[in-house]
*Asks:* 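Below is a structure I'd like to ask you about.
Chain A is the first sequence line, chain B the second, and so forth, proteins listed ahead of strands; every chain is numbered from 1.
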2 protein chains.
Amino acid sequence: MLYPAELRRRIFLLPVSYTAGALSAITQAGGIWGRREVWTRQNFSGNSKGSSLSEGHLPVTNTIRPDIRRPLTLRDVSEASGVSEMTVSRVLRSRGDVSDATRERVLTAARTLGYVPNKIAGALASQRVNLVAVIIPSLSNMVYPEVMTGISQVLEDTGLQPVVGVTHYLPEREESVLYEMLSWRPSGVILAGLEHTDAARAMMGNAGIPIVEVMDVDGEPVDSVVGISHRRAGLEMAGAILAAGYKRIGFLGTMMPYDHRARKRLEGLEEGLASAGITLADREFYSGGSALLKGREMTETILKRSPDLDFLYYSNDMIGAGGLLYCLEKGIDVPNRLGLAGFNGVELLQGLPRRLATMDACRLEIGRTAAQIIAGIHPGGLIGGERVELSPTLELGDTIRQ
Amino acid sequence: MLYPAELRRRIFLLPVSYTAGALSAITQAGGIWGRREVWTRQNFSGNSKGSSLSEGHLPVTNTIRPDIRRPLTLRDVSEASGVSEMTVSRVLRSRGDVSDATRERVLTAARTLGYVPNKIAGALASQRVNLVAVIIPSLSNMVYPEVMTGISQVLEDTGLQPVVGVTHYLPEREESVLYEMLSWRPSGVILAGLEHTDAARAMMGNAGIPIVEVMDVDGEPVDSVVGISHRRAGLEMAGAILAAGYKRIGFLGTMMPYDHRARKRLEGLEEGLASAGITLADREFYSGGSALLKGREMTETILKRSPDLDFLYYSNDMIGAGGLLYCLEKGIDVPNRLGLAGFNGVELLQGLPRRLATMDACRLEIGRTAAQIIAGIHPGGLIGGERVELSPTLELGDTIRQ
DNA sequence: TTGAAAGCGCTAACAT
DNA sequence: ATGTTAGCGCTTTCAA
């Protein structure tokens with residue numbers, strides 16, 4: 001594990017035996033060893049491969065002094081172009097006035113050297129970090145990559161960059177990922193859910209940056225919140241189920257103790273059913289493995305145990321899809337003998353033999369809105385403390401009788 | 001977009017009107033305003049909510065001086081605990097000798113204040129960054145999250161942290177993401193594929209850190225490479241197809257101009273078929289949309305156009321799964337009348353009505369190995385320049401006749 | 001076991 | 001339009 005750092009040391013940190021002031025004075029004076037001439041000659045010649053170089057990126061091999069391989073700094077560029085570090089800094093950040101001639105010289109030098117600015121130093125000096133921490137439970141859930149897409153779409157235009165951390169649905173991991181990310185002093189935090197450890201909540205409260213909790217609005221946010229009410233989603237689904245005349249309802253979902261949103265949907269469902277005097281007839285839980293396969297297996301299990309069920313509500317579309325495939329293979333009459341519904345509105349459903357009833361979770365929009373709040377460009381937005389509740393749309397598909 | 005930084009400014013940067021030396025002297029002397037006593041009393045009392053606080057994370061609200069809200073620094077902790085910044089630094093990094101009593105005082109103070117170390121400053125001072133840049137084409141492809149999982153598994157034990165960047169299969173985006181990430185001076189880079197812009201290649205060559213290109217080994221790596229030969233994968237699939245006696249083969253894949261690995265598999269397939277004197281009978285391409293649905297549609301299209309095809313090779317499992325579902329619905333005899341195969345070995349296949357023939361792409365192992373190389377813990381590893389070719393296993397499933 | 005000094009590579013603020 | 005000065009918040013190195 002020491003290798004990377006150690007190796008860099010060995011390769012790079014060869015002695016540089018003159019002081020800063022001295023060197024730049026030398027350079028400015030033309031160089032006692034004719035140094036600037038050397039740089040100049042080699043720098044501004046050919047070497048124009050890579051059209052993208054013109055876009056402001058500054059790569060290409062350092063052909064000048066291949067013998068001295070140490071990390072390049074602003075000073076190297078300043079020496080190579082004969083201007084001060086400050087001017088180089090201005091050019092590379094396109095800030096302040098710089099003459100065209102100077103800009104050209106600097107850019108060419110930077111490009112030729114292959115200089116990549118050091119954002120660590122830049123961030124420390126400017127107290128500005130263009131990073132946004134995005135903390136999500138999982139990457140394999142399809143749902144979160146879509147939120148990410150929304151976030152990226154918006155941040156792209158703002159100069160901010162998302163940095164992803166994954167918690168695996170573990171509160172302690174969320175806490176440590178958050179800690180790690182906050183230690184890089186990001187410009188904002190977007191994280192899934194409203195349930196966090198006390199410590200995590202405290203860290204966010206103290207961070208002094210915009211925090212947006214996403215996906216869920218049923219609870220007390222630290223700062224801003226963007227999402228849907230999963231409780232209401234469950235309620236609405238209960239309404240649709242009852243309206244279609246189903247009576248014996250089963251629930252199938254994850255066993256994860258921290259899948260709060262699935263839990264809230266279940267609670268909403270039960271509440272809705274209760275208002276019609278119905279209680280959940282059976283339930284089945286799973287954890288891990290291929291969700292599609294689990295959906296099949298759970299469906300088989302619950303139907304064997306409770307053959308009189310006439311509706312199955314799945315906590316997500318993947319297990320719902322598995323259930324749907326199972327039912328079709330078994331020749332079960334969907335939706336008349338048995339109704340089915342999932343949750344999320346994932347793209348995958350479009351390719352199934354029947355359209356599974358589902359509820360769109362507004363993932364893209366959630367991501368976009370959260371990013372807008374972080375970037376301070378949310379239309380009509382306050383400074384902090386926003387609450388945006390989106391309305392998921394129920395799609396009855398072909399698996400709820402109408 | 002200025003909001004975050006600006007806001008922090010306004011909130012935090014209230015004047016602090018004494019010098020560093022003075023204050024710490026005061027604190028150490030007991031405080032001219034009895035300051036240390038105040039800290040002590042309030043700091044070391046109750047407030048022990050959040051068991052995770054004991055784990056080394058240091059949150060909890062700053063209850064001491066809620067009126068002065070500026071970002072906490074080492075100095076705040078040093079003042080609060082009455083030791084030098086250096087000692088605090090030692091405690092928080094568990095480096096060097098510190099007496100138990102001092103350590104306790106420091107930790108308690110840090111915890112109580114909710115201090116989160118500033119890694120930007122730390123990284124600049126130590127020239128050490130525990131970040132590993134991971135650059136992948138997409139998050140929605142299921143394949144890459146699995147590689148990520150392998151990477152995370154290994155890095156977890158090393159103190160290194162993956163940071164993800166997404167290119168959307170665009171070389172220019174890869175270049176800019178790489179540039180952005182290198183500017184944070186990570187300890188290593190893991191990126192998908194061997195095809196990059198000249199500029200990107202040059203940046204990596206100059207970065208002086210371990211670079212691991214993953215997924216594919218057919219080409220010239222910048223430094224190390226871990227993957228499978230997609231060309232060979234195509235070849236082997238051709239062998240299996242021919243061995244099963246199929247003759248009229250169609251290919252279905254992405255249209256993305258930069259999906260080099262799919263292209264190489266196709267080339268390998270064609271090469272393998274050619275050795276038996278067979279050429280591809282038809283091909284169909286897609287881009288965007290639900291892969292499962294596209295798989296269906298493409299299958300319908302290609303079969304309408306070329307009804308005599310007896311085998312379909314899909315460039316990925318999702319479109320293959322769509323094709324499989326389509327064929328089953330249409331009552332096509334799979335695998336006798338028509339054979340099918342995909343690529344990747346995704347988990348989803350386990351839940352389908354039949355097991356689609358596929359080839360496991362060793363994604364988890366690729367991620368793990370790449371991370372080991374970055375961390376310098378690859379068994380028998382060199383320092384840089386490693387080449388690890390893994391062998392994907394062909395799974396015939398139920399869609400190639402045997 | 002602890003502390004003081006120097007400086008990492010940049011940028012803000014203020015010259016010029 | 002360009003340069004100088006003084007840090008940003010830490011860690012390294014050396015001294016005590």
Side-chain angles (χ1 to χ4, degrees), chain A residues 5 8-9 12-13 16 19-21 23-25 27-28 70-79 81-106 110 115-130 183-185, chain B residues 5-6 8-9 12-13 16 19-21 24-25 27-28 70-79 81-106 110 115-130 183-185:
Chain A
R8 287 174 70 185
R9 289 274 149 84
F12 287 138
L13 300 185
V16 180
T19 71
L23 230 201
S24 68
T27 311
Q28 284 159 46
R70 62 179 162 65
L72 294 166
T73 70
L74 261 195
R75 175 95 127 283
D76 293 295
V77 182
S78 108
E79 285 163 11
S81 52
V83 297
S84 72
E85 294 177 43
M86 202 47 230
T87 300
V88 175
S89 172
R90 287 196 183 100
V91 170
L92 297 183
R93 288 177 300 139
S94 329
R95 204 142 308 203
D97 294 321
V98 182
S99 75
D100 285 354
T102 307
R103 186 197 328 286
E104 268 322 300
R105 286 157 51 84
V106 168
Y115 174 70
V116 177
N118 185 332
K119 287 219 179 184
I120 295 175
L124 184 61
S126 66
Q127 301 286 69
R128 234 181 270 282
V129 179
N130 72 332
S183 74
W184 288 101
R185 301 292 188 263
Chain B
E6 288 310 332
R8 287 174 70 184
R9 286 276 148 83
F12 286 141
L13 299 185
V16 180
T19 71
S24 69
T27 311
Q28 285 159 48
R70 63 180 162 64
L72 293 167
T73 69
L74 262 195
R75 174 98 126 283
D76 294 295
V77 182
S78 107
E79 284 163 11
S81 51
V83 297
S84 71
E85 294 176 43
M86 203 44 235
T87 300
V88 175
S89 171
R90 288 196 183 98
V91 170
L92 297 182
R93 286 176 301 139
S94 329
R95 204 141 307 201
D97 294 321
V98 182
S99 73
D100 285 354
T102 307
R103 185 195 331 285
E104 268 323 300
R105 285 159 49 84
V106 169
Y115 174 70
V116 177
N118 185 331
K119 287 219 182 187
I120 295 174
L124 184 61
S126 67
Q127 300 286 72
R128 236 182 268 282
V129 179
N130 73 332
S183 73
W184 288 101
R185 302 293 188 261

*Asks:* With nearest nucleotide decided by heavy atoms, which residue, B:Leu124 or A:Thr102, maps closer to the 5′ end of DNA chain D?
*Replies:* A:Thr102
*Asks:* B:Arg128 has an atom CZ; how far is it from atom P of C:dG9, in whole Å?
*Replies:* 14 Å
*Asks:* Return the nearest nucleotide to the side chain of A:Ala125; candidates are D:dT4, D:dT11, C:dG9.
*Replies:* C:dG9
*Asks:* Would you say B:Arg103 reaches C:dT2's phosphate, i.e. side-chain N/O to OP1/OP2 under 4.0 Å?
*Replies:* no
*Asks:* So, does B:Thr73 get its side chain near the phosphate of D:dC8, meaning an N or O under 4.0 Å from OP1 or OP2?
*Replies:* no
*Asks:* Side chain of B:Thr87 only, heavy atoms from C-beta on: which candidate in D:dT2, C:dG3, C:dC8 is closest?
*Replies:* C:dG3
*Asks:* Could you pick out which residue, A:Met86 or B:Asp97, lies toward the 5' side of DNA chain C when each is mapped onto its nearest nucleotide?
*Replies:* B:Asp97
*Asks:* Strictly below 4.0 Å: does B:Ser89 bring a side-chain N or O up to OP1 or OP2 of D:dT11?
*Replies:* yes
*Asks:* Which part of the nucleic acid, if any, lies within reach of A:Arg95 when heavy atoms closer than 4.0 Å are counted: base, sugar-phosphate only, or nothing?
*Replies:* nothing
*Asks:* Looking at B:Ser81, is its backbone amide N or carbonyl O close enough to the side chain of B:Arg105 to form a donor-acceptor pair, meaning the two atoms are under 3.5 Å apart?
*Replies:* yes
*Asks:* For the side chain of B:Arg185 and the base of C:dG9, is some donor closer than 3.5 Å to an acceptor across the two?
*Replies:* no
*Asks:* At under 4.0 Å, does any side-chain N or O of B:Ser126 touch on OP1 or OP2 of D:dC10?
*Replies:* no
*Asks:* Report the distance from atom CG of B:Leu92 to atom C1' of D:dG9, rounded to the nearest whole Å.
*Replies:* 13 Å
*Asks:* Between C:dG9 atom C1' and A:Arg93 atom CZ, what is the distance in whole Å?
*Replies:* 12 Å
*Asks:* Less than 3.5 Å apart, any donor N or O on the side chain of A:Arg103 or A:Ser99 sitting next to an acceptor on the other?
*Replies:* no
*Asks:* Compare side-chain N and O positions of A:Tyr115 against OP1 and OP2 of C:dG9 and report whether any pair is under 4.0 Å apart.
*Replies:* no
*Asks:* Please give, in whole Å, the distance from C:dA4 P to B:Arg90 CZ?
*Replies:* 11 Å
*Asks:* Please tell me if A:Ser99 has a side-chain N or O lying less than 4.0 Å from either OP1 or OP2 of D:dT2.
*Replies:* yes
*Asks:* What integer distance in Å separates B:Lys119:NZ from D:dC10:P?
*Replies:* 12 Å
*Asks:* With nearest nucleotide decided by heavy atoms, which residue, A:Ala121 or B:Gly96, maps closer to the 5′ end of DNA chain C?
*Replies:* B:Gly96
*Asks:* Has the side chain of A:Thr102 got a donor or acceptor atom that lies under 3.5 Å from a matching backbone atom of A:Val98?
*Replies:* no
*Asks:* Taking the side chain from B:Ser89 and the backbone from B:Glu85, do they hold a donor-acceptor pair closer than 3.5 Å?
*Replies:* no
*Asks:* One pair to check against side-chain contact (heavy atoms from CB on, under 4.5 Å): A:Tyr115 and A:Leu74. What are the steps and the verdict?
*Replies:* CA-CA 8 Å; A:Tyr115 174 70; A:Leu74 261 195; 3.8 Å; yes
*Asks:* Just N and O in the side chain of B:Arg75: are any of them under 4.0 Å from OP1 or OP2 of D:dG9?
*Replies:* no
*Asks:* Roughly how many Å is it from CD1 in B:Ile120 to P in D:dT11, rounded to a whole number?
*Replies:* 13 Å
*Asks:* Measure CD/A:Glu85 against P/C:dT11 and give the value in whole Å, please.
*Replies:* 10 Å
*Asks:* How close or far is atom C1' of D:dG7 from atom CG of B:Leu74, stated in whole angstroms?
*Replies:* 16 Å
*Asks:* Tell me whether B:Ser183 contacts the main-chain N or O of A:Asn118 through its side chain, where contact means a donor paired with an acceptor under 3.5 Å.
*Replies:* no
*Asks:* Examine C:dG9: is either OP1 or OP2 under 4.0 Å from a nitrogen or oxygen in the side chain of B:Gln127? Give yes or no.
*Replies:* yes
